[in-house]
Amino acid sequence: MNGQGYHGDLGGCFVPEILVTVLNELTDAFESVKNNAAFLKTYDDIMSTYSCRPTPLTYAGNLTEYLGGPRIYIKREDLNHSGAHKLNNVIGQGMLVQHMGKTRVIAETGAGQHGVAVATMAAKFQLECTIYMGEVDIRRQRPNVFWMEQLGAEVVPVKEGSGTLKDAINAALRDWSGSASHTHYVLGTACGPHPFPEMVMFFQSTIGREVREKMLIQEKRLPRRIYACAGGGSNALGAFGAFLEDDVELVAVEAGGLGKQTQKHASRLAWGVGSVGVAQGYKSYFLQNPDGQMRLTHSVAAGLDYIGISPILASLWESGRVRCEAATDEDVVAAFRLTAKKEGLLPALESSHAFAQAFQEASELGPDDSIVIIMSGRGDKDIFTVADALEDAEWKRFIIDRGDSYRA
Ligand SMILES: *Cc1c(COP(=O)(O)O)cnc(C)c1O
């Protein structure tokens with residue numbers, strides 16, 4: 001363990017000896033580029049010409065009127081190429097790979113969104129790309145597997161454990177232990193060993209800087225509150241980073257799943273269910289049994305369905321700077337429907353957690369206040385889940401007909 005990367009008592013770097021050198025090298029590489037004007041300019045150029053930065057801040061007039069509370073603004077990370085904030089981080093790490101002279105990237109993916117973003121980046125930068133994905137997730141997320149393969153990545157099924165995200169992370173770490181001389185591990189969120197939490201937050205911090213700039217133009221002052229969903233915590237930290245010193249309330253919204261009592265959720269902080277432990281290279285709050293066994297998590301939003309949480313976000317929560325809440329699947333689907341009908345926007349089910357919490361608290365604030373909701377990604381990827389949740393009969397018929405046409 002090296003002594004860096006602590007946030008309060010959390011964070012650190014708990015990895016096998018063989019990876020310590022690699023992570024130290026990565027820390028040095030990151031430190032050398034993060035204040036380098038040429039590197040940052042190239043990053044901005046790529047993000048504005050290949051993706052859609054700066055992303056708009058949309059005034060949600062119909063929702064504002066309907067809810068009768070604060071003026072509501074929506075930060076449009078859904079307009080990034082590949083449909084979510086994930087590309088902000090992935091392009092940054094890709095440039096770092098080029099800087100370090102490596103030729104191959106590996107990554108873990110759960111729902112497949114991070115895998116698609118990494119495969120996209122690898123194609124653009126012409127890097128060899130291997131994505132580790134749990135066997136169960138591969139079956140559940142066929143469309144994303146298809147796209148990763150079209151983008152030139154090799155998708156490796158992970159059979160160990162429950163065949164889901166945490167097993168994919170372990171497999172990627174194993175690969176990296178033997179391949180680090182030419183391979184970089186593109187971690188997808190602000191978790192994992194130092195320097196990943198700080199590095200991922202850094203590449204996502206463009207979100208908060210843009211929100212700040214636009215609010216000062218449009219409202220002439222900062223918002224009262226900012227709402228962001230929290231899986232690993234990268235879009236939340238990216239948004240919150242620019243406001244830590246200000247009088248702005250920062251609200252992170254976890255996956256409340258089917259509710260606290262059912263244990264079928266992924267709320268590590270809001271409901272006081274998670275406890276501090278060390279796993280997957282870092283110390284933070286995890287959903288675990290008293291003996292340290294990781295529990296199974298549940299969320300309608302695959303991207304929030306994770307046992308751990310960023311040590312930086314957890315530390316900000318411990319200090320009281322960030323408030324944590326959890327939204328249930330039911331409230332999330334309702335928030336998705338309302339946003340679609342009132343604004344013509346389809347937030348990802350992950351992002352819809354932030355919308356659900358903001359809607360619930362709208363009556364606490366008045367028309368002189370404004371709030372910002374981070375729309376971390378677009379929801380058309382969630383058509384299978386949303387159509388199921390809404391029990392859409394025509395959709396069901398369509399799926400059955402498709403199945404029949406393959407059997408015929
Ligand atoms: C992956 C994902 C998330 C969760 O990741 P964070 O690191 O918590 O931001 C949230 N929203 C969308 C759309 C995602 O794809």
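Please read these numbers as outputs of a predicted model, since none were measured by experiment. Side-chain atoms are counted along with the backbone in the values below, which use heavy atoms only and exclude waters and symmetry mates. Start at 1 and go down the list; that is how both ligands and their atoms are numbered.
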Enquirer: Around atom 12 (C) of ligand 1, find the nearest protein heavy atom and jot down its residue, atom name and distance.
Expert: Ser376 OG, 3.4 Å
Enquirer: Does His114 reach ligand 1, in the sense of a heavy atom lying below 4.0 Å from it?
Expert: no
Enquirer: Heavy atoms only: which of Glu77, Gln113, Lys86 lies closest to atom 1 (C) of ligand 1?
Expert: Lys86
Enquirer: Any idea which atoms of ligand 1 are less than 4.0 Å away from a heavy-atom of Gly233?
Expert: 6 (P), 7 (O), 8 (O)
Enquirer: Going by the atom numbers of ligand 1, which of them fall below 4.0 Å from some non-hydrogen atom of Thr189?
Expert: 6 (P), 7 (O)
Enquirer: Does a side-chain N-to-carboxylate-O contact under 4.0 Å join Glu254 and Arg268?
Expert: yes
Enquirer: Please indicate whether any nitrogen or oxygen in Gly231 is less than 3.5 Å from any nitrogen or oxygen in ligand 1.
Expert: yes
Enquirer: Take atom CD1 of Ile399 as the centre, draw a 6.0 Å sphere, and report whether it contains more than 12 heavy atoms from other residues, nucleotides or ligands.
Expert: yes
Enquirer: Would you call the rings of Phe359 and Phe355 parallel, tilted or perpendicular, taking 30° and 60° as the class edges?
Expert: perpendicular
Enquirer: Could an N or O of ligand 1 be found under 3.5 Å from any N or O of Gly303, whether backbone or side chain?
Expert: no
Enquirer: Do Arg323 and Leu250 come within less than 4.5 Å of each other through their side chains, counting heavy atoms only?
Expert: no
Enquirer: Only heavy atoms of Gly377, strictly under 4.0 Å: list the atoms of ligand 1 that pass.
Expert: 13 (C)
Enquirer: May I ask you to check whether Glu350 has an N/O atom sitting below 3.5 Å from an N/O atom of ligand 1?
Expert: no
